[in-house]
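First up is the structure itself, then whatever we jot down about it.
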Amino acid sequence: MDKIKKDTAYYHLPGLFEFYELYRVFLPLFRERREYFYDWCDIGSIYGAPADCIWGGGRVGFGDHNPLDVLTLMQEYKISARLTFSNSLLRKEHLLDKKCNALCTLFEESQEVRNGVIVHSDLLLDYLKVNYPGFYFVSSTTKVLTVFQQLLSELERDDFHYVVPDFRLNKIFDKWETLSEAQRNKVEFLCNECCWFGCKDRKRCYEVVSRKNLGEDCPDHPCAAPDAEHGYRFTKAMTNPGFISINDIQNIYLPMGFSNFKIEGRGLGSALILEFLLYYMTKPEYQLHVREEIYLDNMLDLF
């Protein structure tokens, strides 16, 4: 998405490998029945990582679809593919991992649209810049940038095309007003986080995921959030003080000059991802049409 159109919201969608079958059905619909969808939004990228990727972070990956098929689908629809390599605990010896390097070799060779990598580790970033210069890079939300000055410093780094702040900074509009146009173009807001707004363990939670992706035997992070046992609920996310609604995007963020919005959900089921696509991209009067098109594809298991 090198060409940015003003007054357009670019969504960065979850599940590049995890929800290939859903996107295989949704993307043709998005192209061929554009009248079903808001004209003020578009797809900026789809991000994710296959299972057993030690560079992975944020979530423990479970996608097992053929990477070449995934890349072919993204190229057919001219959508940027982002590899989520946001492990925060990488060591030098991990840089030689064959699977992750093979993925980089494959995805760096993009046609028309550049592909990217979401990173946390500066060790990995420096390695990728030298060995795979065709990528652009995204600073991961797993850095948990909750202090605005930290975010400013990250935005000033030439290494990153985009920076994803912690969702708890989403509504500090007086601070966002101070950014330059170039800085605003780099901010990518996380819209639908369900994590407890008062959580103080978010970074430790991500570190546990990083350890699991490295193959370490460690217990799950004990979540102290109220109602944590219920897992992700979109209705609960909508009550989060950091939630960004479609009305917020249209009436606040786009007029302020912000264009990039990340939808989380790699660890969820494809049925819930569809609900995100309906809410954020689909006109209400056509949501049933889209549901029917998706549900009637007998090859797609949504549950």
Closest heavy-atom pair, E108 versus G134, reported as atoms and distance to 0.1 Å, is OE2-N, 2.8 Å
Check your understanding: Within the distance-only criterion (no hydrogens, no angle test), does the side chain of N87 pair as donor or acceptor with the backbone N or O of I54 below 3.5 angstrom?
Key -> yes
**Check: V163 main-chain N/O paired with K143 side-chain donor or acceptor under 3.5 Å** = no
Q. Linking I/L/V/M/F/W/Y whenever their side-chain heavy atoms sit closer than 4.5 Å, directly or via other members, would L68 and V70 fall into one cluster?
A. yes
Q. Taking a hydrophobic cluster as the set of Ile, Leu, Val, Met, Phe, Trp and Tyr residues connected by side-chain heavy atoms closer than 4.5 Å, whether directly or through intermediates, do M281 and M238 fall within one such cluster?
A. yes
If only side-chain N and O atoms count, and only distance matters, is there a donor-acceptor pair under 3.5 Å linking Y136 with S80? yes
- request: Could you tell me whether E18 and R266 have a side-chain N and a carboxylate O separated by less than 4.0 Å?
  value: yes
Quiz item: Between the main-chain N or O of L123 and the side-chain N or O of S121, is there a donor-acceptor pair closer than 3.5 Å?
Solution: yes
Specify whether H12 and Y162 have parallel, tilted or perpendicular ring planes, treating 30° as the upper limit for parallel and 60° as the lower limit for perpendicular. tilted
Of all heavy-atom pairs linking C104 and F85, the shortest is SG-CE1, 3.8 Å
Notebook entry, point to check: Do the side chain of R168 and the main chain of G242 share a donor and acceptor less than 3.5 angstrom apart?
Noted result: no
Ring pair (Phe, Tyr, Trp, His ring centres under 6.0 Å), that's the test. Do F173 and Y253 meet it? Break it down for me.
CA-CA 9 Å; F173 298 116; Y253 291 92; 5.6 Å; yes
Exercise for the section: Inspect the contact between K283 and E285 and indicate whether a charged nitrogen and a carboxylate oxygen are less than 4.0 angstrom apart. Expected result: no
Heavy-atom nearest pair, Y47 first then I263, reads OH-O, 2.6 Å
Applied to residues 269-291, the ring-ring contact (aromatic ring centres under 6.0 Å, His included) test, sequence neighbours excluded, yields Y11-Y280, Y36-Y286, Y36-H289, Y232-F276, F234-F276, F234-Y279, Y286-H289
Q.
Assess the residue pair K129 and F137 against the criterion (side-chain contact (heavy atoms from CB on, under 4.5 Å)); give the C-alpha distance rounded to whole Å, side-chain angles, the decisive distance to 0.1 Å, and a yes or no.
A. CA-CA 9 Å; K129 285 164 55 181; F137 300 104; 3.7 Å; yes
query: Any donor and acceptor pair, going by atom type alone, linking the side chain of W55 with main-chain N or O of H94 inside 3.5 Å?
result: yes
Note: E188-R82 ion pair, threshold 4.0 Å (strictly below)
yes
In this structure, CD1 of I79 is separated from CG of L16 (nearest 0.5 Å) by 10.0 Å
*Can any side-chain N or O of N192 pair as donor or acceptor with the backbone N or O of E264 at less than 3.5 Å?*
yes
| query | Linking I/L/V/M/F/W/Y whenever any side-chain heavy atoms sit under 4.5 Å apart, do I246 and L288 land together? | reply | no
* Please check if the distance between the ring centroids of F30 and Y23 is under 6.0 Å. => no
From CA spacing to verdict: side chain to side chain donor-acceptor pair (under 3.5 Å), T72, D69 | CA-CA 5 Å; T72 300; D69 289 345; 5.3 Å; no
Presence of salt bridge, E76 and R24, under 4.0 angstrom: no
Hits for side-chain contact (heavy atoms from CB on, under 4.5 Å) against Q149, two or more places apart or cross-chain, chain-then-number order -> V147, L152, S153
Checklist entry - Just by distance, do the side chain of D159 and the backbone of L125 share a donor-acceptor pair under 3.5 Å? => result no
(Q) Could you check whether E154 pairs with R157 (Lys NZ or Arg NE/NH1/NH2 to Asp/Glu carboxylate O, under 4.0 Å)? (A) yes
> Can D97 and K99 be counted as an ion pair, charged N to O under 4.0 angstrom?
Replying inline: no
Within the 6.0 Å centroid threshold, strictly below: F26 and F37
yes
Can a salt bridge be assigned to the pair R33 and E35 using a cut-off of 4.0 Å between side-chain N and carboxylate O? yes
Rounded to the nearest 0.5 angstrom, the OG-NE2 distance for S88 and H120 is 4.5 Å
Heavy atoms of L179 and Q183 approach each other most closely as CA-OE1, 3.3 Å
Exercise. Answer yes if L278 and W40 sit in the same cluster of Ile, Leu, Val, Met, Phe, Trp and Tyr residues linked by side chain heavy atoms under 4.5 Å apart, and no otherwise.
Key: yes
On the six-membered ring of F167, is K262 placed so that its NZ or CZ lies under 6.0 angstrom from the centre and within 45° of the ring axis? no
So OG1 of T146 and CD1 of I172: to nearest 0.5 Å the spacing works out to 10.0 Å
_With ring pair (Phe, Tyr, Trp, His ring centres under 6.0 Å) as the criterion, how do Y10 and F261 come out once you've worked through the C-alpha distance, each side chain's angles and the decisive distance to 0.1 Å?_
CA-CA 6 Å; Y10 291 93; F261 303 91; 9.4 Å; no
Shortest non-hydrogen pair, L145 vs L169, comes out as O-CD1, 3.1 Å
